[in-house]
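Okay, structure first, notes after.
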Amino acid sequence: MSFGDPNNPYGQQPQAPQGPYGQQPPVPPQGQPGYGYPQQAPPQQPYGYPQQQVPPQQAYGYPQQQAAPYGQPGMPGMPGMPMGYASWGARVGAILLDGLIIGALPTILYIVGAVMAASSSSTTADTSSCQPGDVQCVSDAYNSAASSATPTGAIIVMAIAWLIAVGGGFFLMAKEGSTGQTPGKKALGIKVLKETTGQPLGFGMTFVRYICRYLNGLLCGIGWLWPLWDDKNQTFADKIVGTVVVSVK
C-alpha cells in the first residue's frame with residue numbers, strides 16, 4: 001500500500017472514465033480514423049533524408065495521358081524531329097532517281113526483246129499452197145506466220161525484264177518501310193514517316209501507300225501537285241495513310 005499519491009491513497013488502479021448515463025466510453029479508432037475524427041498528418045522524414053515527391057493526381061473524369069516512348073521523336077518543329085517537311089522538288093527528284101535505279105536494266109532488256117521480235121516479224125504468210133478461194137487455208141497460213149513472228153527468246157527476255165522491275169519495286173517498299181528512305185530519298189535527304197508516331201511505316205503500310213499512289217493520278221494528276229499548296233506537303237496517298245515526308249539534312 002502506497003500513500004505517496006494524495007489522489008489515490010489506497011493504491012487502486014485507475015479506471016477509465018465512464019460515459020454519461022452508464023454508457024461505455026468511446027474506443028479510440030484503430031488504423032484509419034473514422035468519420036468525424038481528425039486526420040493524422042503523414043510522418044515527416046528526418047532532417048537530412050531526401051524528401052519523397054508525390055506525383056500529382058489527375059482529376060476524376062479526365063483522360064489519363066500516356067508518356068511517349070523513350071527516344072520517340074516529335075513532329076517537324078519539335079525537339080528530336082527533322083528540320084521540316086520536304087519540298088515538292090525534292091520528292092519529285094527522289095522518285096526520278098528511284099525510277100532510274102530500278103528501271104535502267106529492265107528498260108534495256110525490253111529494248112533487246114523488242115529488237116529480237118522485230119527482226120523476225122518480216123516473216124510473211126506462205127499462201128502458195130492454198131487453192132484460190134480457200135479462206136481457211138489462207139487464215140491458217142497467216143496464223144502460223146504470226147505465231148512464229150515473236151521468237152521464244154524475245155518472250156523470255158521480256159519476262160526477265162518484268163520480273164526485275166517487280167522485284168525492284170518490292171525492294172523500294174522494303175527499304176522505305178524499314179528506314180523511311182529509298183535510295184533516291186536518301187540521296188536527297190528526305191524520309192517518309194508516320195505522322196502520329198514519327199517512325200517508319202513498315203512494309204505492310206508502305207505497300208498500301210504505294211497502291212494509294214494511283215489516286216494521285218486522278219483528276220489530271222492533281223494529287224501529285226497537291227504538296228505545292230498543302231500545309232504539310234502531303235499528296236492524296238499521304239493523307240489516306242497518314243504519312244509525312246520530312247527533310248533530314
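What you see below is based on every heavy atom in this structure, not just the backbone, and it leaves out hydrogens, waters and symmetry mates.
- Heavy-atom minimum distance, Cys212 versus Ile240: SG-CG2, 4.0 Å.
- Cluster annotation: Ile155 is not connected to Leu163 through the hydrophobic network of ILVMFWY side chains, with a link wherever side-chain heavy atoms come within less than 4.5 Å.
- With rounding to the nearest 0.5 Å, the separation of CZ in Phe171 from CD1 in Ile164 is 14.0 Å.
- Shortest non-hydrogen contact noted between Arg209 and Val241 is CA-CG2, 3.8 Å.
- Atom NZ of Lys191 sits about 9.0 Å away from atom CD of Gln199, to the nearest 0.5 Å.
- Across all their heavy atoms, Leu97 and Ala187 have their closest contact at CD1-CB, 4.2 Å.
- Using a 4.5 Å heavy-atom threshold, the side chains of Thr243 and Glu176 count as separate.
- Taken together through direct or relayed side-chain contacts under 4.5 Å among Ile, Leu, Val, Met, Phe, Trp and Tyr, Val244 and Trp229 form parts of separate hydrophobic clusters.
- Hydrophobic clustering places Leu105 together with Val157 (ILVMFWY residues linked when any side-chain heavy atoms are closer than 4.5 Å, directly or through intermediates).
- Residues Ile211 and Val166 share a single hydrophobic cluster, defined by chaining ILVMFWY side chains whose heavy atoms lie under 4.5 Å apart.
- Across Ser178 and Pro200, no two heavy atoms sit closer than the pair O-CG, 3.7 Å.
- With rounding to the nearest 0.5 Å, the separation of OG1 in Thr179 from CG in Leu201 is 11.0 Å.
- Trp88 contributes atom CH2, which lies 11.0 Å from atom CH2 of Trp224 (distance to the nearest 0.5 angstrom).
- For the pair Asn216/Trp226, no side-chain contact is recorded, criterion being any heavy-atom separation below 4.5 Å from C-beta on.
- A pairwise comparison of heavy atoms in Gly103 and Thr107 identifies O-OG1, 2.6 Å as the closest pair.
- Salt-bridge formation is not detected for the pair Asp238/Lys232: no Lys NZ or Arg NE/NH1/NH2 atom is positioned less than 4.0 Å from an Asp or Glu carboxylate oxygen.
- One hydrophobic cluster, built from ILVMFWY side chains closer than 4.5 Å, holds both Met173 and Ile101.
- We find that Asp98 and Lys175 are not joined by a salt bridge, their nearest charged nitrogen and carboxylate oxygen being 4.0 Å or further apart.
- At least one donor-acceptor pair closer than 3.5 Å links the side chain of Gln181 to the backbone N or O of Ile190.
- For the pair Phe236/Ile222, a side-chain contact is recorded, criterion being any heavy-atom separation below 4.5 Å from C-beta on.
- When every heavy atom of Thr235 is checked against every heavy atom of Pro227, the shortest pair comes out as CG2-CG, 3.5 Å.
- Atom CZ of Phe207 has 12 or fewer neighbouring heavy atoms from other residues, nucleotides or ligands inside a 6.0 Å radius.
- Residues Leu172 and Pro183 are in side-chain contact: their nearest non-hydrogen atoms beyond the backbone lie under 4.5 Å apart.
- In terms of the side chain to side chain contact (heavy atoms under 4.5 Å, CB included) criterion, residue partners of Tyr110 (sequence neighbours excluded) are, by chain and number, Met158, Ala161, Trp162.
- For NZ of Lys186, the number of neighbouring non-hydrogen atoms (other residues, nucleotides, ligands) closer than 6.0 Å is 12 at most.
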